[in-house]
Participant: 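Structure in structure tokens, see below.
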Amino acid sequence: MTTLHINGQPQALDVTDDMPLLWAVRDVAGLTGTKFGCGIAMCGACTVHLDGEAIRSCVTPVAACTGKRVVTIEAIENDPVGQRVQAAWRELDVVQCGYCQSGQVMQATALLRSNPNPSDADIDAAMSGNVCRCGTYNRIRAAIKLAASRKGA
């Protein structure tokens, strides 16, 4: 039994230390907002925060998360930056099919936490590991810029 601190709550999970965090979160904890995309940390659909940093949960073993804070898309609204990102996403209708968007929002929130006023180049660099098959990259960039502009809101 492993205890993980997920979305502000300790959760005792019956998982092995080498299980990818993605499967512990989705299949055992039942938080299905984090998506499986590629399984090799190349698409970003599985992005969550580990102690505030965006990570790819499909390749991160549970053992690497013990004693750390895991935040998934289900709780990003508890973060003021996450609230602004989600509001900008809705306002600009970023989502098309939506499959990748939880990872996009998690990555964008981490970006704005570390760089509150990113340039287009900063946004492109930070988001380059998050693939959107629908090609909503221009709307994603616009939403990040909108969220950044509302930092006092």
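Here the structure is a predicted model, which means the values were calculated and not measured.
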Participant: Is any NZ, NE, NH1 or NH2 atom of the basic residue among E91 and R84 found under 4.0 Å from an Asp or Glu carboxylate oxygen of the other?
Facilitator: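 Salt bridge flag = no for R84 with E91.
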Participant: So which atom in Q104 and which in C132 form the shortest heavy-atom distance, rounded to 0.1 Å?
Facilitator: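 Answer, listing the atom of Q104 first, then C132: NE2-CB, 3.8 Å.
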Participant: Should T16 and V62 be marked as a side-chain contact (heavy atoms from CB on, under 4.5 Å) after you check the CA-CA gap, both sets of side-chain angles, and the distance that decides it?
Facilitator: CA-CA 7 Å; T16 61; V62 165; over 6 Å; no
Participant: When you compare the side chain of Y137 with that of D124, does any pair of heavy atoms fall below 4.5 Å?
Facilitator: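 Not in contact.
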Participant: Please answer whether the main-chain N or O of G33 pairs with a side-chain N or O of S102 as donor and acceptor at a distance below 3.5 Å.
Facilitator: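 Confirmed, S102 side chain pairs with G33 backbone.
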Participant: Using the rule that Ile, Leu, Val, Met, Phe, Trp and Tyr join whenever any side-chain heavy atoms are under 4.5 Å apart, tell me whether I76 and L4 fall into a single cluster.
Facilitator: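 Cluster IDs for I76 and L4 differ.
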Participant: Would you confirm whether Q107, through its side chain, and M127, through its main-chain N or O, come within 3.5 Å as a donor-acceptor pair?
Facilitator: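 The answer is no, because no donor-acceptor pair under 3.5 Å joins these two groups.
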Participant: Checking side-chain contact (heavy atoms from CB on, under 4.5 Å) between N130 and each of Q101, R56, M106, which is the one that passes?
Facilitator: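 That would be R56.
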Participant: For L146 and L92: C-alpha separation, side-chain torsions, deciding distance, then whether side-chain contact (heavy atoms from CB on, under 4.5 Å) applies.
Facilitator: CA-CA 9 Å; L146 179 61; L92 297 181; 4.0 Å; yes
Participant: Drop me the distance from I123's CD1 to S128's OG, to the nearest 0.5 angstrom.
Facilitator: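 Answer rounded to 0.5 Å: 12.5 Å.
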Participant: When rounded to the nearest 0.5 angstrom, what is the spacing between CD in E74 and CG in N7?
Facilitator: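 Taking CD in E74 and CG in N7, the distance rounds to 6.5 Å.
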Participant: Less than 4.5 Å apart, side chain to side chain, heavy atoms only: is that true for L112 and P118?
Facilitator: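 Result yes, sub-4.5 Å side-chain heavy-atom pair found.
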Participant: Show the nearest heavy-atom pair for residues G44 and T47, with the distance to one decimal.
Facilitator: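 Taking every non-hydrogen atom into account, O-OG1, 2.7 Å.
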Participant: Output yes when R139 and D93 qualify as a salt bridge under the 4.0 Å nitrogen-oxygen rule, no when they do not.
Facilitator: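 No salt bridge links R139 with D93.
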Participant: Look up atom SG in C43 and atom CZ in F36, then write down how far apart they are to the nearest 0.5 Å.
Facilitator: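 The distance works out to 8.0 Å.
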Participant: Testing the basics here: between A148 and P116, what is the closest heavy-atom pair and its distance to 0.1 Å?
Facilitator: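 So the minimum-distance heavy-atom pair works out to CB-O, 3.4 Å.
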Participant: Please answer: with hydrophobic residues joined when any side-chain heavy atoms are less than 4.5 Å apart, are I73 and V85 in the same cluster?
Facilitator: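 Both belong to a single hydrophobic cluster.
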Participant: Following the transitive rule for hydrophobic clusters with a side-chain heavy-atom cut-off under 4.5 Å over Ile, Leu, Val, Met, Phe, Trp and Tyr, establish whether V70 and L13 coincide in one cluster.
Facilitator: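 Yes: a chain of side-chain contacts under 4.5 Å links V70 to L13.
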Participant: Apply salt bridge (Lys or Arg N to Asp or Glu O under 4.0 Å) to residues D51 and R69 and explain how you reach the verdict.
Facilitator: CA-CA 5 Å; D51 280 347; R69 293 171 295 116; 3.6 Å; yes
Participant: Enter the distance from D14:CG to M19:CE here, rounded to the nearest 0.5 Å.
Facilitator: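 Between D14 CG and M19 CE, I get 8.5 Å after rounding to 0.5 Å.
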Participant: Quick one, K145 and D120 - any side-chain contact, counting heavy atoms below 4.5 Å?
Facilitator: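 With C-beta onward as the side chain, the pair touches.
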Participant: Side chains of W89 and I144: closer than 4.5 Å at any heavy-atom pair?
Facilitator: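 Yes, at least one pair of side-chain atoms sits under 4.5 Å.
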Participant: Are the side chains of S57 and T34 in touch, meaning some heavy atoms are under 4.5 Å apart?
Facilitator: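 Yes. Closest side-chain heavy atoms under 4.5 Å.
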Participant: Is the shortest side-chain heavy-atom distance between P20 and C58 below 4.5 Å?
Facilitator: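 When only atoms from C-beta onward are counted, C58 and P20 do not touch, as no gap falls below 4.5 Å.
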Participant: How far apart are the closest heavy atoms of D122 and L111, and which atoms are they?
Facilitator: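 That closest heavy-atom pairing would be O-CD1, 4.4 Å.
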Participant: For A88 and A143, which heavy atoms make the closest approach, and how far apart are they?
Facilitator: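 Reported closest heavy-atom pair: CB-O, 3.3 Å.
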Participant: Which atom pair, heavy atoms only, marks the closest approach of G52 to R113?
Facilitator: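 The pair with the smallest heavy-atom distance is O-NH1, 3.0 Å.
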Participant: So, the side chain of R26 versus the backbone of L31: is there a donor-acceptor pair under 3.5 Å, distance only?
Facilitator: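 Answer holds: no.
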Participant: Would L50 end up clustered with V71 when hydrophobic side chains under 4.5 Å apart are linked, directly or stepwise?
Facilitator: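 In one cluster with L50: V71, no.
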Participant: Nearest 0.5 angstrom please: C65 SG to H5 NE2, how far?
Facilitator: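 The distance works out to 13.0 Å.
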Participant: Report whether Y99 and V95 are members of the same hydrophobic cluster (ILVMFWY, side-chain heavy atoms less than 4.5 Å apart, transitive linking).
Facilitator: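 Per the 4.5 Å side-chain linkage, Y99 and V95 are not co-clustered.
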Participant: Would you check if L21 and I55 make a side-chain contact, meaning some heavy-atom pair closer than 4.5 Å?
Facilitator: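 A side-chain contact exists here, since the closest heavy-atom pair is under 4.5 Å.
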